Enquirer: 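This is the structure I want to talk about, given as structure tokens.
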Protein chains: 2
Amino acid sequence: MKNEVNISEYIQVLFPQFEPALKQILIENGVLKSFEAGEMLMQTGQNMRSTILIAEGLVKLYREGDEGNEFFMYYLHPGNACALSMICATKQETSQVMAKAVEPTKGLMIPISLMDTLMKEYKTWYYFVLETYRSRFEELLTVVDNIAFKSMDERLEFYLKKQHRDLKSRSLTITHGEIANDLNSSREVISRLLKKMEQRGEVILHRNYIEYLK
Amino acid sequence: MKNEVNISEYIQVLFPQFEPALKQILIENGVLKSFEAGEMLMQTGQNMRSTILIAEGLVKLYREGDEGNEFFMYYLHPGNACALSMICATKQETSQVMAKAVEPTKGLMIPISLMDTLMKEYKTWYYFVLETYRSRFEELLTVVDNIAFKSMDERLEFYLKKQHRDLKSRSLTITHGEIANDLNSSREVISRLLKKMEQRGEVILHRNYIEYLK
DNA sequence: GATTTACTGTGACTTCAATCACACAAGGAA
DNA sequence: TTCCTTGTGTGATTGAAGTCACAGTAAATC
């Protein structure tokens, strides 16, 4: 029963606002699944049968382009749910988005068959779902904002700030090439812009990592 | 009581799937509000006190940039709800989005105080809300896709196709300048790209309107 | 009909970002 | 050590899109 104990602990810590009965249902029906760093939680075209609540780790969400290029959208932290897994689960449709664990991650898988009951019976659950949608929608609006209105250097600054905030570290372990990928740009462009930021004293560049100073 | 009769009719036609009791609540508590073409249903920074269901007309949703520039996201048709009005209403937060009537429009305003009950009591309502979020989220993902991965000529083609689909007409009453605004581009660029499309036989250009041939 | 306004067409130029082509440097593997 | 992979720095070139400048033209108003 080690598994159940774990689930119970996660739920106590991550969702203290849930009603006891709701917690109990999640504990009884949820399955804890581990993902290694780099492993996919969700792939383009995949059919979802569970909603995923992130219990531990960090998950990166990408939009995938036609030619296989990736575009970084946002991170999911412990306590977050994957809005798309809820949506796709509910409609049993496939998603055009990729979710990749960037750290060893544990996900609490909730069967979609429960969604109806949970929604109707537990107010805190329905608030949680709405809040999940709302925050992801806002985040996506920010993404639109950036690519629609901002130039590459502004987008890069925003990206680094976000990394710093979400990874909670000044030293960002990332290569120029990876940044270029996330922003759907090219390595040289990013290198040059980073050099300018370094000259302005905003970062210090190293091999394989960047010190963020702002 | 003319107003109530109207509301009742709209609800019968647009939301046949709703339970009778749910329809009744909406009829009793909803208020029908008219908007002229060009009028705002929702403005950046505005606090929402109602969810809006579109009963008649057509509404255009924009993201607003820092310097007041607009970026077109999607249309709302009769039977659609404004996902953001639901989200903002629920959280009583302000939105960074503009909704503008492009035709004379009627909106059924549902007080947010009802949301809790409706969500808990009526399954068809909660399905409707989820579906609203889902479809808007998908639409926003398409927007991201376009600006992240596509070039201007592809975006223009996509835009015209969307106009054609949503306005259900081959003859699009729009100027090059307005298109440029919606795509956050410039008039000259759009004119030139349209000219090329005309040379390829995909459109015929006129003053103030475009015949879409595909 | 004359004037004015709004829309369209196009050449010339600028700018930002992407791409090409290398040189070089750090660090692990042989 | 030497080799080799991977990451970084930088100049040169290209291309797409934005800007400037101005000409023409349809339609609306006087």
Side-chain angles (χ1 to χ4, degrees), chain A residues 37-38 65-72 144-160 163 171-212, chain B residues 37-38 65-72 144-160 163 171-212:
Chain A
D66 294 332
E67 294 99 28
N69 34 4
E70 301 171 352
F71 182 87
F72 170 63
V144 169
D145 221 54
N146 276 307
I147 42 181
F149 300 124
K150 306 278 166 69
S151 56
M152 209 59 213
D153 55 348
E154 295 174 291
R155 289 176 52 201
L156 177 58
E157 291 203 34
F158 184 87
Y159 176 86
L160 293 176
Q163 297 296 316
S171 133
L172 313 173
T173 310
I174 196 162
T175 67
H176 303 182
E178 287 169 330
I179 298 175
N181 247 314
D182 283 359
L183 295 175
N184 199 44
S185 173
S186 73
R187 203 264 314 156
E188 297 92 319
V189 172
I190 300 300
S191 281
R192 276 190 261 264
L193 291 175
L194 281 172
K195 221 40 201 168
K196 281 187 200 155
M197 289 185 71
E198 190 175 43
Q199 280 154 15
R200 291 199 301 268
E202 295 167 9
V203 293
I204 302 175
L205 303 179
H206 306 267
R207 189 188 174 86
N208 287 317
Y209 76 101
I210 297 172
E211 272 180 79
Y212 184 73
Chain B
D66 293 332
E67 292 100 28
N69 34 4
E70 301 172 350
F71 182 86
F72 169 63
V144 169
D145 219 54
N146 276 307
I147 41 181
F149 300 124
K150 306 277 165 72
S151 56
M152 208 60 212
D153 54 348
E154 295 173 291
R155 288 176 53 201
L156 178 58
E157 292 203 34
F158 184 86
Y159 176 87
L160 293 176
Q163 297 296 316
S171 133
L172 313 174
T173 310
I174 196 161
T175 67
H176 303 182
E178 288 169 328
I179 297 176
N181 247 314
D182 283 358
L183 295 175
N184 199 44
S185 173
S186 72
R187 204 265 312 157
E188 296 92 318
V189 171
I190 300 299
S191 282
R192 278 190 260 264
L193 291 174
L194 282 171
K195 213 63 207 149
K196 279 186 201 156
M197 288 184 72
E198 189 175 43
Q199 280 154 14
R200 291 198 301 266
E202 296 168 8
V203 293
I204 303 175
L205 303 179
H206 306 268
R207 188 190 175 84
N208 286 319
Y209 75 101
I210 297 171
E211 273 179 79
Y212 184 72

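Since this is a predicted model, take the numbers as computed values, not measurements. Each chain gets a letter, A, B and so on, in the order its sequence line appears, and its residues count up from 1.
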Enquirer: Near DNA chain D, counting only heavy atoms under 4.0 Å, which residues of residues 150-160 of chain A show up?
Expert: none

Enquirer: Within this structure, what is the CZ-CG distance for the pair A:Arg155 and A:Asn184, rounded to the nearest 0.5 Å?
Expert: 7.5 Å

Enquirer: Once rounded to the nearest 0.5 Å, what's the spacing between atom CZ of B:Arg187 and atom CG of B:Asn181?
Expert: 12.5 Å

Enquirer: Looking at every non-hydrogen atom in both residues, tell me the closest pair between A:Leu205 and A:Glu198 and how far apart they are.
Expert: N-OE2, 2.9 Å

Enquirer: Would you check if there is a donor-acceptor pair between the side chains of A:Glu188 and A:Ser191 at a distance under 3.5 Å?
Expert: no

Enquirer: Could you report the tightest heavy-atom contact between B:Ile190 and B:His176, atom names first, then the distance?
Expert: CG2-O, 4.0 Å

Enquirer: Report the residues that fulfil ring-ring contact (aromatic ring centres under 6.0 Å, His included) with A:Tyr209, sequence neighbours left out, ordered by chain and then residue number.
Expert: A:His206

Enquirer: Take the protein atom CD1 of B:Ile179 and the nucleotide atom P of D:dG18, then report the distance between them rounded to whole Å.
Expert: 14 Å

Enquirer: For the atom pair CD (A:Glu157) and CZ (A:Arg200), what is the distance rounded to the nearest 0.5 Å?
Expert: 5.5 Å

Enquirer: Report the secondary structure of DNA chain C in dot-bracket form, marking unpaired bases with a dot and bases paired to a different strand with |, and treating Watson-Crick or G-U pairs with both distances under 3.5 Å as paired.
Expert: ||||||||||||||||||||||||||||||

Enquirer: Nearest-Å distance, CD1 (B:Ile190) to P (D:dG18)?
Expert: 8 Å

Enquirer: Would a distance-only check, ignoring hydrogens and angles, find a side-chain to backbone donor-acceptor pair under 3.5 Å from A:Glu154 to A:Ser151?
Expert: yes

Enquirer: What is the 5' to 3' range of DNA chain C, first to last nucleotide, that sits under 4.0 Å from any heavy atom of chain B?
Expert: C:dA6 to C:dA12

Enquirer: Partners of B:Phe71 by ring-ring contact (aromatic ring centres under 6.0 Å, His included), sequence neighbours excluded?
Expert: none

Enquirer: How does each nucleotide of nucleotides 7-15 of chain D score, in 5' to 3' order, for protein heavy atoms under 4.0 Å: base (B), sugar-phosphate only (S), or none (-)?
Expert: SBBBBB---

